[in-house]
Amino acid sequence: MAADDPDKRAAAEAAALLVQSGMRVGLGTGSTVAFLLPALAARGLTGLRCVATSIDTAQKATALGLPVESFDALDRLDIAIDGADQVAPDGWVVKGGGGAHTREKLVAAAADRFVVIVGENKLVAALHPNIPLELHQFGLPSTLRRLGGRAEVRAGWPPSPDNGVIADYTAAFDDPEALAAQLAATVGVVDHGLFPPALTSDVLIAHAGEVEHRVL
Ligand code: 5RP
């Protein structure tokens, strides 16, 4: 378990209360989710079916007795809960600090309710670089050329579980929607860490022991 962080813990514990017995649950990745897993396990809910967005989360959840299964077995989730790197006032979110953004977006998109859990320090006035990317290994130099020198491969990072190369878009931008569309249209980009407001249902923001619950 990582060092205690009262805000991350408070947001995660509030999110754990949104899960009910019998739900199909998407589990995110990162240090905030590391507080969610024991809080969820401690609830003693029955009939949960969990999908993990990373091997790390799958291992932690399984060790706590949460039933994790392959995402191949489920086409829809009731709820997914995950941390974030940036949350803008209009609901745009940046994820992928841990390099798991492709699987995180797939799980979020499968969920009827996607809940973002953050400490107040993740709130930003406007999204800013870096924006995490996952790139195809095949033809990587040509993909980087198409990205116009505005992307850098993360040095020393292992490939994603899907064999993607973890990188970051590093240039300044004004319009997240335009950048998301541009990245999605760039051949060789598997996915990016820009999550549009339509993907998120709730944001739980913790500060000094209080949790603000924003419904989008
Ligand atoms: C991993 C993620 C994480 O959710 C994000 O980086 C936040 O991490 P943390 O909870 O450790 O602050 O997107 O890919």
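Ligands are counted one by one from 1 in listed order, and the atoms in each one are counted from 1 as well.
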Under 4.0 Å from any heavy atom of [X], which atoms of ligand 1 are there?
| X | result |
| --- | --- |
| S31 | 9 (P), 10 (O), 11 (O), 12 (O) |
| K122 | 7 (C), 9 (P), 12 (O) |
| K95 | 2 (C), 3 (C), 4 (O), 13 (O) |
| D85 | 5 (C), 6 (O), 7 (C) |
| G96 | 2 (C), 13 (O), 14 (O) |
| G99 | 14 (O) |
| T29 | 1 (C), 2 (C), 3 (C), 4 (O) |
| G83 | 4 (O) |

Inter-residue atom distance [X].[atom1] - [Y].[atom2], 0.5 Å rounding:
| X | Y | atom1 | atom2 | answer |
| --- | --- | --- | --- | --- |
| L140 | L144 | CG | CG | 4.5 Å |
| E210 | E120 | CD | CD | 11.5 Å |
| I166 | L135 | CD1 | CG | 8.0 Å |
| R146 | T143 | CZ | OG1 | 4.5 Å |

Just checking [X]: does its [atom1] atom have more than 12 heavy atoms from other residues, nucleotides or ligands closer to it than 6.0 angstrom?
| X | atom1 | value |
| --- | --- | --- |
| Q20 | CD | yes |
| L17 | CG | yes |
| E177 | CD | no |

**Message:** Between ligand 1 and A84, can you find any atom pair, the residue atom being a heavy atom, that is separated by under 4.0 Å?
**Reply:**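 Per 4.0 Å heavy-atom rule, A84 contacts ligand 1.
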
**Asked** What protein heavy atom sits nearest atom 10 (O) of ligand 1, and how far off is it?
**Response**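 Ranked first by proximity to atom 10 (O) of ligand 1 is T32 OG1, 2.6 Å.
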
**Message:** Please list the nearest protein heavy atom to atom 1 (C) of ligand 1 with its residue and the distance rounded to 0.1 Å.
**Reply:**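 Nearest neighbour among protein heavy atoms for atom 1 (C) of ligand 1, to 0.1 Å: E104 OE2, 3.1 Å.
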
**Message:** Please check whether V33 reaches ligand 1 - meaning an N/O of the residue sits under 3.5 Å from an N/O of the ligand, judged on distance alone.
**Reply:**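 In fact, backbone or side chain, V33 has no N or O that close.
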
**Prompt:** Any N or O on G30 sitting closer than 3.5 Å to an N or O of ligand 1?
**Reply:**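 Looking only at distances, the answer is no, because the N/O contact criterion of under 3.5 Å is not met.
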
**Asked** Is any side-chain N of the basic residue among K60 and D56 closer than 4.0 Å to the acidic one's carboxylate O?
**Response**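 Judged by the 4.0 Å cut-off on N to carboxylate O distance, K60 and D56 do form a salt bridge.
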
**Request:** Using the side-chain contact (heavy atoms from CB on, under 4.5 Å) rule, pick out the option among V25, L37, T57 that qualifies with L66.
**Result:**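 Among V25, L37, T57, the one meeting side-chain contact (heavy atoms from CB on, under 4.5 Å) with L66 is L37.
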
**Asked** Can you tell which of V153, D168, L147 makes a side-chain contact (heavy atoms from CB on, under 4.5 Å) with L133?
**Response**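 Single pass found, and it is L147.
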
**Request:** Would you mind telling me if ligand 1 is within reach of the side chain of P132, the backbone, both or neither, using heavy atoms under 4.0 Å?
**Result:**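 The answer is neither; P132 stays 4.0 Å or more away.
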
**Asked** Which is it for D82 and ligand 1 at heavy atoms under 4.0 Å: side chain, backbone, both or neither?
**Response**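 Under 4.0 Å from ligand 1, D82 contributes side-chain atoms alone.
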
